[in-house]
Amino acid sequence: MKAVELSKSYDPKEFEDRIYRQWVENGAFHPDPDGCSHFSIVMPPPNVTGILHMGHALNNTLQDIIIRYQRMKGLKTLWVPGTDHAGIATQNVVERQLAKEGLRRQDLGREKFLERTWQVKDRHHEIITSQLKKMGCSCDWDHERFTMDEGLSRAVREAFVTLYERGLIYKGQYLVNYCPKCGTALADDEVEYENMPGKLYDVRYPYADGSGFITVATTRPETMFGDVAVAVNPDDERYRDVVGKELLLPLTDRRIPIIADSFVSMEFGTGMVKITPAHDPNDWECGRRHGLEAINLLNADGTLNGNVPQKYQGMDPVSARKLVVEDLKDAGYLVKETDHAHDVGHCYRCHTIVEPYLSDQWFVSMKGMADKALKALRDGDIVFYPKRWENTYVHWMENIRDWCISRQLWWGHRIPVWYCRKCGKMIVSRTDVTECPDCHSHDLEQDPDVLDTWFSSWLWPFSTLGWPDRTPDLETFFPTSTLVSAYDIIFFWISRMIMASEEFTLKAPFRDIVITGLVRDKQGRKMSKSLGNGIDPIEVIDLYGADAMKFTLCYLAAQGQDVQIDMDSFKMGSRFANKIWNATRFLLMNAEGRTLVDIDAGMLSVMDKWIYTRLARTIETIDRAMAGYRFNDAAQAVYSFFWNDFCDWYVEATKQRLLHGSDEEKDLSISIMIDLLSKSMRLMHPFLSFVTEEIYQRLPGSTGMLISQRYPQVDPAFDFPVEEALVGSLQEAVRIVRAARSQLGIAPEKRFGVVIRPSKDFTGTSLFIGEKELMASFMGASTLTIDVDSSVDVSQAYPSSALGYEVFCFVKEAIDIDAEILKLEGEIRKAEKNLEGTMRKLSNPQFLQNAKSEAVEKEKGKKAEFEEVIAKAKDHIGLLSRLK
RNA sequence: GGAGGAUUAGCUCAGCGGGAGAGCGCCUGCCUUACAAGCAGGAUGUCACAAGUUCAAUCCUUGUAUCCUCCACCA
C-alpha cells in the first residue's frame, strides 16, 4: 500500500477553506433524506449591524458540535442559518454614516434611506456569512433566511393580523419609554437602568387660598409644568386635613388639587408627591385612577414643547432643569436640594437617557400568551440547560406587561395598517390595501411606524421553515430540537419565541434550551467595542485555525458559565490539533508499503485490548456529556483519550512492533492503528471538524467524507475491562521506575536491572511476564526479572511498592540511604494515619449498618492496602539499613 | 427590595456525598528517527468563613463575608 504523506507541520490554512468548499459542494450540510428521525436547530440570527464577535463564535461552535454529532448519529439534521435586520441598531449605523456627511435621514427621504440601509445590510451580511464559513459552521445555506426577506415579511403580517383579529393587538395613547436620539418608542426591556448621581429637590407649592404652602420632593423639577395634582398617602396623619385643598403651581398660575393615593410612601421625602402623568409611569397610573388629565411637555425630539412657559420651550430636559431650579430658588420656592443617587433609564442601543413619553403606539396583549408559555414549561415541553434559568423565565412570564411594538423608525416591517384619509377608517390587512372598503376612496395612507425587530424574530423557529404555509420543511423540522443562546436575550427573544410558537402553532418551538455563558476577557469584563477588549474570531482563526478556536471554546464552556479568555487561551486547542496531525503523520509514514488486514478480536494483544476498551469508555463519556449538553466534559474526554491514552501509551507501546517487528506483525499493527485512528477521527470530528476531515480522507480504507460517517459506538466484542485494569497495573510499575530514575538523578541513557516481585494473589503476573520486554523498554531497564518466589537477592536494590507487587531497581550507587529511609518513614506515617481513619469507620457499627455495601467493601480494601503499604515500607527500611 | 451566579494549585477554570483534578505557568532531566506546539518526572491546595444534617461533607441545609449578573423600584 502506498501511503499519502502529510505535510511536515500542521497548517490549518492549507486545508480549512478547501475542506469547507468540499462539504458545501457535496451537499454535506443538507438533511440526510434517509435519516431516521429529525434533529433541527435554528441559528440565533446575528444582527446585520456588525461582524461576529467571540460570543457568536462560542454560540455557533456549540451549535455546530451538536449538529455534527447528531448528523453522525444518523439523524436527519437541519441547521438553519440567517441574519436579523435589527431595526434600531442598523438604522443607527446608517444615521451615523449620514451624520458624517452632515445629513439626516429626513434629507434623503424614506425610500433613499432604505436603499442605503439595504446596502449596509448586504455588506454586513456578506461578512457575517463568510465568518460563519471560516468557523466551519455546518449550517444548510440553502435554508438561509433574513428577517426582512419576502417569506418572513409575510409571516410578520400574518402574525400581526392574526393577533389583531384575536383582539390581542391594540393601539392607543400610552406612556411609553422613548429615546429622543433614536426618535422612537422602546419596549420596557429595551431600557437599561444605570445608577447616577442626582439631586432631590424640596419645592414649596403654595395653597391657592394663600393660607401657606406644602412641600413636595422631586428629582425632576422641570416636569412640574405637567403636574396635575399633589398626592399624599390616605393613611398619613400629617396631611389628612389638606386632601382636597387646591394649590397654585409655582412659575405658572395653574391650580391643582391635593389627592390621596396609597401608592405614596409616607417615609420618602416629605410624603407629598407631585403627580405628572405624562412623564412618570407611577404618576400615569395614579392619574388614571383619579381621572386626571395628562399634560405632555415633550416634542418628539425630546425638547420641551408649548405646554411649558415660553422661556423653557425648545430646551432639553437637563438644561431646563437647571434653569427651573434657578427660577424656583429666585422666587423662594426651593427649600433645599440633597444629593440623591437614583437609577436612570438609558436606551439599550444609543445609551441616551430615555424619557417617558405620551404617544400613540401599538401594543400586544401578553398575559394570555404568557400563561401558555408557562404551561409549556410546566408540562415539560421545554427544558432549560442549566435548569436554574427556569426561575428567571417563570418570574418574567408571571410579571409580564403588554408589549409596545411600534417604532418610529424607517428600517423594519411597516405596520400592516392603512387609514382612509377620506372617512378615517382603519384597515388591518395581510395584503397591501389600495381602496377603502367603506367609502372606496383610494386616498389611503399606511401607518408610518415599523414593528419592533423582535416582532419578526419571535417567529424565527417556524417562519424560517415556511410558516404560515404548511411546508414539508415545517412538517419535518418543526418543532426544532435545541436552541443555543446566551442568557442576555432570554427575555427579548427566547421567551417571546415560546409565546409566539404556542400562539400560532400550538407547539413549543424547541425542546431543549441551552443557555451559554458570556465570553469575557481575562479581567472578567464583558467583551465590547467601547472597551476595545474584544477578540476577533477571524484573528484567532488566522493565527491558530478554526479547529483550535472551536476546541478551546468547547473545552472551556462549562454549562452556563461565563468563559474568560485571551488570545493565548487558544494555544490549547492549537497544540491539540497539532498533536493529532503529528500522530497521524507518524502512522502514515509507517503505513508505507504495508498490507492492511481485517481485524478481529482474536488477534489483539493486551495493549490493543486496553486501547479499544479506553475508546469504548470514551464513547460512553461523550454520549453522556452530549445528552446533557456538557460540552467541556466531552472535549476533555476526547483530549485525554487521544493524547494521554492513544499517543502517550498506546503508540509508544506499539512502536517496537511497528518499527522492528516481522512483516506480519507490522501489517497487523498498522492495521489496528489505522482502525483506531479512523475511529478517533470520527470521535473527534464534531469538536475539531477540519483537521479530522483532512486526515480521515487520507487514511487508507476511507471512503467518502468524514462528516457523513457514523459516530463510533461501543462494540461489545472490543470491550475488555479485565485487560484494561491489568494494563493499569503495568503502567503503574513503569511510572514507579521512571520516578525512581528521575528522583535518584539517574541519567536517561543509564540502564539498570529491575526486579518485580508480585505478591501471591496478584492477578497481573502472567501479563507482566508476557509484556516484560515492553515494560523494560518503557522503564529504560537493561534487564527485567519478574519473580514471584523471590529467588533473586534484592538486598542491594532500591525498593518501591505498589498494590500487588514490589519493584526493585539495582542502582545502589545512586541511593541516598538516609534520605530514602526518611521518605519511607513519612510514607508509613501517612499510611498509618489513613489506616486509622479507615479503622474508625470499620469499627463504627453505624457505618457498617448505613453505608452502601460498596462503600464498606471499599473501606475494607483500603484497610488491606494501607497495611500492605506499611508492611512493605518497613521491610524496605530494613533492606536500606543493611545497605549502609 | 427580590432572584441567580461565583469563591477549589501562582493564573483560568472543571468536579459536587465515600481517598482533591485539567490547561497554562513553575522546577528538574531529556532535541529518545510523529510532534521541543514535544517526552519523562516533580512541587504547590485550612476546596472563602461558621454552624447544622449524615456513619461519611469541597459537594446537601442555614447563616456570614467578598465579588459579579439580572429583575423590580419611592417622587
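Side chains included, hydrogens not; waters and symmetry mates left out as well; all remaining heavy atoms used. The model shown is predicted, which means the values in this text are computed figures rather than measured ones. In what follows, chains carry the letters A, B, and so on, assigned in the order in which the sequence lines appear, proteins first and then strands, with residues in each chain numbered from 1.
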May I ask you to evaluate whether Gln564(A) reaches the phosphate of C13(B), defined as a side-chain N or O under 4.0 Å from OP1 or OP2?
-> yes
Does the side chain of Thr223(A) pick up a donor-acceptor pair with the side chain of Lys274(A) at under 3.5 Å?
-> yes
For atom P, what is the distance between G21(B) and A43(B), given to the nearest Å?
-> 12 Å
If the P atom of G45(B) is compared with that of A34(B), how far apart are they to the nearest Å?
-> 39 Å
For atom CZ of Phe642(A) and atom C1' of G23(B), their distance in whole Å = 18 Å
Nearest-Å distance, CZ (Arg624(A)) to C1' (G15(B))?
-> 14 Å
Tell me the partner of A50(B), counting only Watson-Crick (N1-N3 plus N6-O4 or O6-N4) or G-U wobble (N1-O2 and O6-N3) with both under 3.5 Å; none if nothing fits.
-> U62(B)
Considering every strand shown, what is the Watson-Crick or G-U wobble mate of G4(B) when both distances are under 3.5 Å?
-> C68(B)
Answer with base, sugar-phosphate or nothing: what part of the nucleic acid does Lys571(A) contact at a heavy-atom distance below 4.0 Å?
-> nothing
Could you check whether Asn844(A) gets within reach of a base, just the sugar-phosphate, or nothing at all, counting any heavy atom under 4.0 Å?
-> sugar-phosphate
Taking for each residue the nucleotide of RNA chain B bearing the nearest heavy atom, is the 5' side occupied by Arg401(A) or by Gln846(A)?
-> Gln846(A)
Arg698(A)/Glu694(A) ion pair, N-O < 4.0 Å | yes
Using a cut-off of strictly less than 4.0 Å between a heavy atom of the residue and any atom of RNA chain B, enumerate the qualifying residues of residues 544-555 of chain A by number.
-> Tyr555(A)
Might you work through the side-chain hydrogen bond (donor to acceptor under 3.5 Å, both in side chains) test for Asn578(A) and Tyr544(A), ending with a clear yes or no?
-> CA-CA 10 Å; Asn578(A) 181 61; Tyr544(A) 298 114; over 6 Å; no
Euclidean distance for P, G10(B) against U54(B) (whole angstrom) = 35 Å
Using a cut-off of 4.0 Å between protein heavy atoms and nucleotide atoms, how would you tag nucleotides 33-41 of chain B 5' to 3' with B, S and -?
-> -BB-BSSSS
Distance, C1' atom - from C13(B) to U7(B), rounded to whole angstrom = 12 Å
Could you state the CD1-P distance from Ile400(A) to C71(B), rounded to the nearest angstrom?
-> 14 Å
For atom P, what is the distance between G5(B) and A48(B), given to the nearest Å?
-> 16 Å
Roughly how far, to the nearest 0.5 Å, is CD1 of Ile611(A) from CD1 of Ile672(A)?
-> 11.5 Å
Please assess Glu859(A) against Lys862(A) for the test salt bridge (Lys or Arg N to Asp or Glu O under 4.0 Å), listing each intermediate value before the final yes or no.
-> CA-CA 5 Å; Glu859(A) 222 48 49; Lys862(A) 272 155 72 176; 3.3 Å; yes
Would you check if there is a donor-acceptor pair between the side chains of Asp562(A) and Tyr487(A) at a distance under 3.5 Å?
-> yes
Flag for Tyr348(A)-Glu190(A): side-chain donor and acceptor within less than 3.5 Å | yes
Determine whether Leu297(A) and His279(A) make a side-chain contact, defined as any pair of heavy atoms from C-beta on separated by less than 4.5 Å.
-> yes
Please work out if Val563(A) contacts a base, only the sugar-phosphate, or nothing of the nucleic acid, heavy-atom cut-off 4.0 Å.
-> nothing
Assess the side chains of Gln743(A) and Lys823(A): does a donor N or O sit below 3.5 Å from an acceptor N or O?
-> yes
Sugar-phosphate, base or nothing in reach of Ala217(A), heavy atoms under 4.0 Å | base
Pairwise 5' ranking along RNA chain B for Asn632(A) and Thr218(A), keeping only the more 5' one = Asn632(A)
Just call it for His279(A): base, sugar-phosphate, or nothing, with non-hydrogen atoms closer than 4.0 Å on any strand.
-> nothing
CD of Glu192(A) versus C1' of U69(B): gap in Å, rounded?
-> 13 Å
Given A75(B), C55(B), G23(B), the nucleotide with the shortest approach to the side chain of Phe847(A) | C55(B)
Rounded to whole angstroms, how far apart are CG on Asp343(A) and P on U69(B)?
-> 14 Å
Roughly how many Å is it from CG in Asp562(A) to C1' in G5(B), rounded to a whole number?
-> 9 Å
For atom CG of Asp227(A) and atom P of A75(B), their distance in whole Å | 15 Å
To the nearest angstrom, how far is Asn391(A) atom CG from G5(B) atom P?
-> 8 Å
Base, sugar-phosphate alone, or nothing: which one does Tyr639(A) contact when heavy atoms must sit under 4.0 Å apart?
-> sugar-phosphate
Stepwise salt bridge (Lys or Arg N to Asp or Glu O under 4.0 Å) test for Glu827(A) and Lys830(A) | CA-CA 5 Å; Glu827(A) 269 171 38; Lys830(A) 196 175 155 201; over 6 Å; no
P atom, G15(B) versus A9(B): distance in rounded Å?
-> 15 Å
Rounded distance in Å between the C1' positions of C49(B) and C35(B) | 47 Å
Watson-Crick or G-U wobble partner for U28(B), using a 3.5 Å limit on both distances?
-> A40(B)
Phosphate-side-chain proximity, His395(A) and A72(B), N/O vs OP1/OP2 below 4.0 Å | no
Can you tell me how far P in A40(B) sits from the matching atom in C59(B), rounded to whole Å?
-> 35 Å
Is A34(B) paired to anything, Watson-Crick or G-U wobble with both distances less than 3.5 Å, and if yes, which nucleotide?
-> none
Partner of G18(B) by Watson-Crick or G-U wobble geometry, both contacts under 3.5 Å, or none?
-> C55(B)
Test item: side-chain donor near acceptor, Asp227(A) and Thr276(A), under 3.5 Å | yes
In terms of side-chain heavy atoms, does Asp261(A) have a donor or acceptor partner in Asn233(A) at a distance below 3.5 Å?
-> no
Indicate, with a heavy-atom threshold strictly under 4.0 Å, whether Glu857(A) touches base, sugar-phosphate, or nothing.
-> nothing
